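Single-structure report; data block below.
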Number of protein chains: 2
Amino acid sequence: MADTLCYVGNKEPFEYTLAVISGKWKLKIIYLLACMGTVRYGVIKRNIDGITHKMLSSQLKELENESIIERREYPQVPPKVEYSLTPKGKSLLPLVQEMCAWGEKQSRVELME
Amino acid sequence: MADTLCYVGNKEPFEYTLAVISGKWKLKIIYLLACMGTVRYGVIKRNIDGITHKMLSSQLKELENESIIERREYPQVPPKVEYSLTPKGKSLLPLVQEMCAWGEKQSRVELME
DNA sequence: CCGTATCCCAAGTGATACTG
DNA sequence: CAGTATCACTTGGGATACGG
């Protein structure tokens, strides 16, 4: 089963991905940006149920540090900041799609039982 | 960008997957079982760095409740318990593979920069 | 509007011991 | 060996206020 999966003595690829996407809200943020493209801070906040100001800020900053998302600030008053996926972030789209596909499949399976 | 991803008013598939795989150690456990097949409790513990007895127990139980893994107990002394992926768990393999592939790709990208 | 700092509580987690 | 219970503690993260 394992031959194409297990990197003997080299679990880094999997661990690396895990490190990037783990974080209470990161995948949700990535998913949202994948769906909505370029969006303002407030829009993200309103679309992620239950997230607090503090958590959104910190998660966005971490994703930015990992070059998954891009932060664009407009020099105006009141401030306007938009976030979007970087190329690296967009390269996560297959993963996101796989997650969607799996979730869909499961709901179909449940219906059949 | 969004057409194949965004389920307007229906984020359930993504959220459902998220619910299943989120948990501090779940993906690591799934990955390990994907690599090693059927393994005993103690082997899992020894192969996941930093996990405690309590955490491993609770995460295994949750994954079992979600039908991702199967628990098989042998009626002997001392006890022997083996865990493995269920069909539902195995259906997560593409996701795990995608995570591995992405991690690999990133390490190559970094080398080129 | 967006970001950060501070305070503070409680859920989550570790250590330990006990049971089957 | 595998699992559970208890207790104590750490720390994630919520509420709030202030700053740019």
Side-chain angles (χ1 to χ4, degrees), chain A residues 15 18-33 35-86 89, chain B residues 15 18-33 35-86 89:
Chain A
E15 303 280 345
L18 209 49
V20 170
I21 68 175
S22 57
K24 197 174 180 183
W25 304 95
K26 288 188 184 172
L27 276 172
K28 282 196 184 179
I29 293 171
I30 292 168
Y31 177 70
L32 194 80
L33 292 182
C35 291
M36 303 182 67
T38 301
V39 264
R40 295 184 63 163
Y41 177 92
V43 175
I44 301 177
K45 181 153 186 346
R46 256 174 283 121
N47 279 279
I48 298 186
D49 197 49
I51 196 168
T52 61
H53 190 31
K54 180 180 176 180
M55 284 312 295
L56 181 53
S57 294
S58 68
Q59 299 283 289
L60 285 173
K61 187 185 284 185
E62 288 181 30
L63 287 171
E64 191 192 354
N65 290 338
E66 289 152 349
S67 302
I68 301 296
I69 65 174
E70 187 190 345
R71 178 182 184 279
R72 186 162 185 185
E73 183 172 0
Y74 295 85
Q76 61 184 48
V77 178
K80 173 180 172 183
V81 180
E82 287 182 336
Y83 291 90
S84 57
L85 292 178
T86 61
Chain B
E15 303 282 344
L18 209 48
V20 170
I21 68 175
S22 57
K24 197 175 180 183
W25 304 94
K26 288 188 183 173
L27 276 171
K28 282 197 185 180
I29 293 171
I30 292 167
Y31 177 70
L32 194 80
L33 293 182
C35 290
M36 303 182 67
T38 300
V39 266
R40 294 184 64 162
Y41 177 91
V43 175
I44 302 177
K45 180 150 185 353
R46 257 175 281 121
N47 278 278
I48 298 186
D49 197 49
I51 197 168
T52 61
H53 190 31
K54 181 179 176 180
M55 284 313 295
L56 181 52
S57 294
S58 67
Q59 298 283 291
L60 285 172
K61 188 184 287 185
E62 288 181 29
L63 287 171
E64 192 192 352
N65 289 339
E66 289 151 348
S67 302
I68 301 297
I69 66 174
E70 186 190 345
R71 177 182 185 280
R72 184 163 185 184
E73 183 172 359
Y74 296 84
Q76 62 183 47
V77 177
K80 173 180 172 182
V81 180
E82 287 182 336
Y83 290 91
S84 58
L85 292 179
T86 61

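Please read these numbers as outputs of a predicted model, since none were measured by experiment. Each chain gets a letter, A, B and so on, in the order its sequence line appears, and its residues count up from 1.
In this structure, I48(B) atom CD1 and dG14(C) atom C1' are separated by 17 Å, rounded to whole Å. The CZ atom of R72(B) sits 18 Å away from the C1' atom of dC1(D) (whole-angstrom rounding). Regarding K80(A), its NZ atom lies at a distance of 14 Å from the P atom of dG3(C), rounded to whole Å. If you measure from atom CD of Q59(A) to atom P of dG14(D), you get 10 Å, rounded to the nearest angstrom. The nearest whole Å value for the distance from the CD atom in E73(A) to the P atom in dT4(C) is 10 Å. Computed from coordinates, the E62(A) CD to dG3(C) P distance equals 14 Å when rounded to whole Å. If you take CG of L56(B) and C1' of dG12(C), they are 16 Å apart, rounded to a whole angstrom. Look at CD on Q76(A): it is 16 Å from C1' on dG3(C), rounded to the nearest Å.
Minimum interatomic distance between Y41(A) and S57(A) (heavy atoms only, all atoms of both residues): OH-OG, 3.5 Å. Here the closest heavy-atom approach between residue I51(A) and residue K45(A) is recorded as O-NZ, 3.4 Å. The two residues L32(A) and I48(A) come nearest to each other via the heavy atoms CD2-CG1, 4.2 Å.
Distance check, rounded to the nearest 0.5 Å: CE of M55(B) to CD1 of I29(B) gives 8.5 Å.
Among the protein residues, Y83(A) comes within range of the sugar-phosphate backbone only, with heavy atoms under 4.0 Å from sugar or phosphate atoms but none that close to a base.
The T52(B) side chain lies nearest to dG14(C) when the options are dT4(C), dG3(D), dG14(C).
Sequence order on DNA chain D of the closest nucleotides to P79(A) and K61(B) puts K61(B) first from the 5' end.
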Under 4.0 Å protein heavy-atom contact, by nucleotide of nucleotides 5-12 of chain D - B base, S sugar-phosphate only: -BB-----
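Using a 4.5 Å heavy-atom cutoff, the side chains of I21(A) and K26(A) are not in contact.
Proximity of R71(B) to the phosphate of dG3(D): a side-chain N or O atom is located under 4.0 Å from OP1 or OP2. Between R40(A) and dC2(C) there is a side-chain N or O to OP1 or OP2 distance below 4.0 Å.
Checked options E82(B), K80(B), R40(B); the residue passing with Y74(B) is E82(B) (criterion: side-chain hydrogen bond (donor to acceptor under 3.5 Å, both in side chains)).
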Derivation and outcome, side-chain contact (heavy atoms from CB on, under 4.5 Å), residues E15(B) and K28(A): CA-CA 8 Å; E15(B) 303 282 344; K28(A) 282 196 184 179; 3.2 Å; yes
